Amino acid sequence: MVTRFKKCFSFLLIFLLIFNLAACSSTKNTVKEENQKEVKEEAFTEKTKVPEINLWITSQTYDPVRYEAGLMIANSWKKLGFKVNTTALEWATMSSEGMKAHKHDAFMIQWGGKAERIDPFHWLYSLHHSSEAVEGGYNIAGYENPEYDKLAEEFASNMDWEVRKQKAYKMQEILAQDVPQPPLVHRKLTMAYNKENFENAIMAMGEGLYSFWNWVNITPKVDRKIIRFGTVSDLKLLNPLTTKTGQDIYMLRLIYDPLIRIDRDGKPIPWAAQSYRTVDDKIIEVVLRDGMKFHDGKAVTVDDVKFTFDFAREVKSPYYLSKLKKLDKVEKVDDKTIRFVLKEPFAPFISNGLALVGILPKHIWEKEYKERGAEGILSWENLPAIGSGPYKYEYWRPNEEFKLSSFDEHFNAPKVKGILRIPYAQTYGVVQGLKSGEIDVAGLNLLPLQIEELKDSSFLAFDEIDDQGYYMLHYNMRKAPFNDVNVRRALTYAIPKDQIIELVFGGRAVPAYSTVAAVNKFWHNENVEKLGNDIEKAREILKEAGFRWDKEGKIYFPKDYKVKGYYSDN
Amino acid sequence: MRSMKYILKRILQMILTLFILVTILFFLFRVVPGDPVSMYIDSGLDKESQELLLKQYGLDKPLLEQYIIYIKSMLRGDFGNSFQYGKPAITVIGERFWNTLVLMITSLAISLCIGVFGGALLAWKRGTKIDTVGTILVLAVRCAPVFWTGMLFLSIFAFKLKLLPLGGMNTPGTNFVSLYDKFFSADFLKHLILPALTASLYSAATPLLVMRSSMLEVVKEDFIELVRAKGVKEKKILYKHAMRNALLPVITVFAVQAGFAIGGSVLIETVFRWPGMGREIVLAVSARDYPLAQTAFFLIGTMTALFNLIADVLYAYLDPRVVIN
Amino acid sequence: MEDAKQSLNNLFKILTRNKAGFIGLIIFTVFLIIAIFASFIAPYDPMAMNFDDNGAIKRLQPPSSSHLLGTTWMGRDVFSQMIMGSRIAMVVGILSAICVVFIGTNIGLIAGYYGGKVDNVIMRLVDIIYGIPFLPFALILVAVLGPGIKNIILAIVLITWRNSSRVIRSQVLTLKNRTFIEAARLTGASDFRILYKHIAPNVLPLSLVYVALSMASAIMTEASLSFLGFGDPTLSSWGKILYSCYSSQAMFKAWWWMLPPGIAITLLVLSGFLMSKAFEEVANPKLRER
Amino acid sequence: MDMYNDLLLNIENLDVCYKISDGIVKAVKDVSFYLRKGEVLGLVGESGCGKTTLIKAILKLLPSNGYIANGEIYFKDREITKMDNEQLRRIRWNEISMITQSAMNALDPVYKVGDQIVEAILTHKAVSKKEAYSRAMELFNLVGLEKGRLNDFPHQFSGGMKQRAIIAMALALNPEIIIADEPTTALDVVVQAQILERINTLLAGYDGSMIMVTHDISVIAQTCHRIVVMYGGRVMEFGNAIEVLKEPNHPYSMGLKNAFPSITGEKRNLISIPGTPPNLLKPPKGCRFNERCPFALEKCFHEEPMLQGTKGGYVACHRFYEAEDLRAEAGKEETWMKIRKRRVMV
């Protein structure tokens, strides 16, 4: 009895191990290789075989959306005869190997739709200009189209918005045809707040309730005038020179005033500036607003402004520097007026430079700089953070609370008395907090399941706005087959955008076709070619370009194959 | 005097272990794919700023030089600045450290109590239903993944019954004057119950089983019979003699368990959103925040080593037969 | 070969005679059979999304006749995921247990047998590895090596061999001065022969204790790593099912999604535990009465 | 039994059993004897004959699988087997104390020896700790140990010292009965002698009774008034010590006597009894000694011998009436060799 059992057992054990090892490792199937030998005569050679595509997806843990969407895309591509390998990578690995080193075949990331990107410089220039196609640059796909480069340069340097808009339209058209890295979908941002306690909440483009305009407009309806704001993670650091994450920046820009702010439609408007004007292509003159004060009572002067720009560049603040690349020098004209001289004409300097650099109080930073030196000042905690913004820093207990109170002497003082920012560390905590009334506003894009959870809470208002950021699939044009425009177009056509939206987003997203979001009305070009959801069209494109399939449906390059890099080559 | 020498020797050994640990970690982290900078490309770090940041982090220097700098500054008590938080890693971890410690100590204390008294009870009731059911129950808890037990508790006590909070360390918006205030407020204790219970149930099982078998061994000893012959009350025999003697092997096991529990706090802290060191390690590793992860790791390693040391000393104290040398 | 057969035979005697061991063996065998025939048992592709007749995705459906354990948020069949997950658990458990004990036993044998400097160096190494917090370190190793089932096994093996090696070593120390070893030495047997022919069979029961224990701990570790998001993203292991449930905010709503993986892990780990208890009684006969 | 006012302990028809996985072991069967005030009773027999079980039964210290199946134990007029735990507890040590078999492990290793003596005193007497401690010092003095060693832990004591400490402990409450369970077996010969001497001197100043359990018949000769000879869980012979030793009525007693140097000093060869004690799980039919008895008759293998009165007690032997002849036979080595042969043949 025992022996028989033993025999069965050992058999099972060995069987299992072999079976599972085979199942777990993706070993090549020998049978298929033999088949390929047979069809060799028909010139389906190894050489003409389309190389396998390595699609990097994130782990489900990091982002279920990218994970699921990635699997669906891979499935769809497989139907076209491509061999697709999905590899899940940690975000840190993917960002350094893909975003930075550009060693990928294809991977997906989600580009944030921050207010500063409403001017589509980021989308149209940074992501696609050939100068950015180097390691660490934004042009991840390696898109190097001279025709496009020319348009992009004009777009960047021309100060006339109408001209820029025309260029932008043309660029969007080209990109939609060339598809170096197709945008996939925009999320529908859904955020909730307590409408019984607060009103006038503003969901702004790209940022939802995180928007600066929300915090200066939201108005209390009850006696408790401090708004409690629940988020998923705590702030990291409050030193504006070294900050990297969006969450920090959202809070910092309430404390520090820039000269210009970007309004809800993406237009730069004077803020700490009384007015500004472009003297010529390279000079911008700003007049400082009267009567502004820092939170410690000292007046904001032109010297502070000049100091900020000079100092940030002197200590090499990574965050500020990236905004001020084109700045040559800052000149004080008089007590109210200051001039920014650029190295070359650069239109987005106002919206992406002046609008993002908060004015630092010279008297504080100069003193600290002396004590700490260039390196020390970058690792300074900067507590309490003193700026001139509509909110002033009250206290910060890491992982517990962060409190801002309104700065009543500000020219655009907020309606609430303060903001209590509460980090919950996990989304269900925020959702439960919202439900129980523990918080008034959730800094969270609600997922369908969460919306369902909250729908019975009648005191909540749900606001919705399409995200101007999007999920983007980055091909690598440095590698075959992505160097071929027809392959890229076919692959893009094969992406089941609508299905992804339905299944992965539960319907709470819209397809993206143009590089500039539809919600960004001023810049968005409606009339671009809309690639996606059409696997038949994809097959057609490949067929027309001469691609061939063997008996098993595997795809091969055309006979006498010549790479066509751009749509204009066709 | 001899015992002092022993402890000193143990501490030296501990330092050596930690040093090697730190070295391994240093190089491990540097061969991890990914760097702490490229993750912020999306949020607006262009290529010049990336290089600048790498330089500021000291990551542009050769590996060996980085290592020497790291060890040198560590000897000065400087663990470097956290990449994410911009401030000294030890400050960042310090805040989390106490949270972890409070949770750990509480749950370890509870688990020791459960282990010792539960084990004694099961041994005392050997062969009865209590023993059988108890042993099975304990084994089941020991074998269940601790994060799953935590999820179960959360769904039952927090979500369904709404008795306890859903996680975190205190109700958002509460103000505490001092650390003492924070750790002894009713609100904190309410938040502590579930994570501490989950952790302690899990780490109680091994000491409990050891205690049980150790007790079974001890009650067969001659001296127990003599004590009984002396007419000492049964309860007193149990507590004063049987348990006291059976405790000795439990101490050793418990130290190992404690080390394990500190490592396992990663799971508990993740499930219960406890702002502790374990969770910070996971986040730091994901964000490639080397200084922070290394510091947290160093602290956890130190705690593990300390627990072992304490256990050894405690053992020597509890068992007069052990002559330290 | 005869020896191996004999010892395998003994192994079964041990397990079938001891009540706890027998229960453990049964649980293990059941899971093993499920794992082997997983692809036949699982009614759906575990990663496939399921749609109803109207083409709508079946989200979070409670158990029914078509989905025995209901569906996940993405409309995947929990039952199929569970079945396929058993395969991963088995591979992780068995492979890492064998590796761990193979390494641990050999190192223990060598350290104990040769003694002196070799022993000293090895035992210091073991001390150091004992000082390493297990889970966080495994986590970093997986981050270094990249997520994937092989790397998880490797990480487990790299750390847990310490446990068995230390115990095996002390067993060898007591064995090597026994008369039968002395006798073997006098007949001029080589070290290798003495180690593997004479000493090794005597530490085998102890090694088996660690095979069973390592299996349990490996399964637990894999689940934990998966739960922390460092698991193999392409496989639906039990730990990952739990993570998906946890992270999709459905843990309070979909008990059918949360309970089965936890129960399965518990049972399989328990089986390892029970089997180890049975082996322990052989390795240490003093325990038998308890 | 009421007629003996000085009767301290009276055991009647006691059966003690152990439940083990293979069945029930009747470790003590139908044992009766008594102990008078001031008397020293010797309990002899080979190892495994039930001596230890018997005395454990007296204080109901049997392990959890052991139980008293039948019979009564009277301590003075009280029935011990019917007592509840609390009543028993009060009797233990206070009235019946014990010197255990292996002093090596009889002291709790984690407490100081002095504290363990104090514990015994405090358990039964409402005195202060200090008083108890001074009593302990007194006792240490009595057994010849330095009082400073009260503060030592058991592992710091030698075997002999531990035994003395236990003797001191046994005397602590002046109990009416001290049961000494082979107090010297675990010790080396020199120390054995010292301990025995110590016990003897102590007994001189002690007015209580004592049960001395031993397999060493010479010890009995030195100290005991009465003797109980046990074999295979049963009493073979009970009587006045001197008389039993001089003129044993049971072949087993005769054999035991042969196995030890003569108490009277005459020179003769030591003869041991061949064979081993019976398996108590399946005790032999008839007389339990039958297999090893050189004088066994057919009857001895079928019929259990009745207790028959002797001068000072009783004996359980079918051939009791021939005792005198058997004694002469038993003195010869060949007699015992016979059974060895017989056993081989069987």
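Throughout, protein chains are lettered first and strands after them, A, B, ... in sequence-line order, and every chain is numbered starting at 1. Because the structure is a prediction, the values reported are computed rather than measured.
Heavy-atom pairs under 4.5 Å with chain C peak, among B:Leu28, B:Leu16, B:Ile300, at B:Leu28. Note on B:Gly259, B:Ala158, B:Ser155, B:Gly278: by heavy-atom pairs under 4.5 Å with chain C, the leading option is B:Ser155. The choice from B:Thr302, B:Leu21, B:Val31, B:Ile281 that makes the most heavy-atom pairs within less than 4.5 Å of chain C is B:Leu21. In terms of heavy-atom pairs under 4.5 Å with chain C, the best-connected choice from B:Thr149, B:Val141, B:Ile20, B:Leu267 is B:Leu267. When each of C:Leu135, C:Leu267, C:Ile263, C:Leu242 is checked for heavy-atom pairs under 4.5 Å with chain B, C:Leu242 comes out on top. Ranked by heavy-atom pairs shorter than 4.5 Å toward chain B, the options C:Leu268, C:Leu139, C:Leu270 are led by C:Leu270. Comparing C:Ile140, C:Asp127, C:Ile129 by how many heavy-atom pairs each has under 4.5 Å with chain B, the most go to C:Ile140. Between chain C and the options B:Ala123, B:Ala140, B:Cys143, heavy-atom pairs under 4.5 Å are most frequent for B:Cys143.
Using a 4.5 Å cut-off between heavy atoms, C:Leu274 contacts chain B through its side chain alone, with no backbone atom that close. In this structure, chain C has heavy atoms under 4.5 Å from both the backbone and the side chain of B:Ala144. Heavy atoms closer than 4.5 Å to chain C are found in the side chain of B:Leu25, but not in its backbone. Contacts between B:Phe307 and chain C at a heavy-atom distance below 4.5 Å are absent for every atom of the residue. The part of B:Thr304 that comes within reach of chain C is its side chain, from C-beta onward, which places non-hydrogen atoms under 4.5 angstrom from that chain. Residue B:Ile262 does not touch chain C at all, counting heavy-atom pairs closer than 4.5 Å. With a threshold of 4.5 angstrom between heavy atoms, B:Ile136 does not approach chain C through any atom at all. Contacts between B:Arg288 and chain C at a heavy-atom distance below 4.5 Å involve the side chain alone, from C-beta outward. Using a 4.5 Å cut-off between heavy atoms, B:Leu154 touches chain C through backbone and side chain atoms alike.
A donor-acceptor pair is defined here as one N or O able to donate and one able to accept, closer than 3.5 Å; no such pair exists between the side chain of B:Trp274 and the backbone of B:Arg279. With hydrogens and angles ignored, the 3.5 Å screen pairs no side-chain donor or acceptor of C:Arg169 with any backbone N or O of C:Ala111. Distance alone, capped at 3.5 Å, is enough to place a donor-acceptor pair between the B:Asn99 side chain and the B:Pro275 backbone. Proximity of a side-chain donor or acceptor of C:Tyr246 to a complementary backbone N or O of B:Val271 within less than 3.5 Å is detected.
Between B:Phe297 and C:Phe137, the angle of the ring planes goes over 60°, which puts this pair in the perpendicular group of the 30/60° scheme.
No donor-acceptor contact under 3.5 angstrom links the side chains of B:Glu221 and B:Asn245, judged on distance only. With no hydrogens or angles considered, no side-chain donor-acceptor pair links C:Ser276 and C:Glu280 at under 3.5 Å.
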Step-by-step side chain to side chain contact (heavy atoms under 4.5 Å, CB included) determination, B:Asp131 to B:Trp124: CA-CA 9 Å; B:Asp131 182 25; B:Trp124 211 243; over 6 Å; no
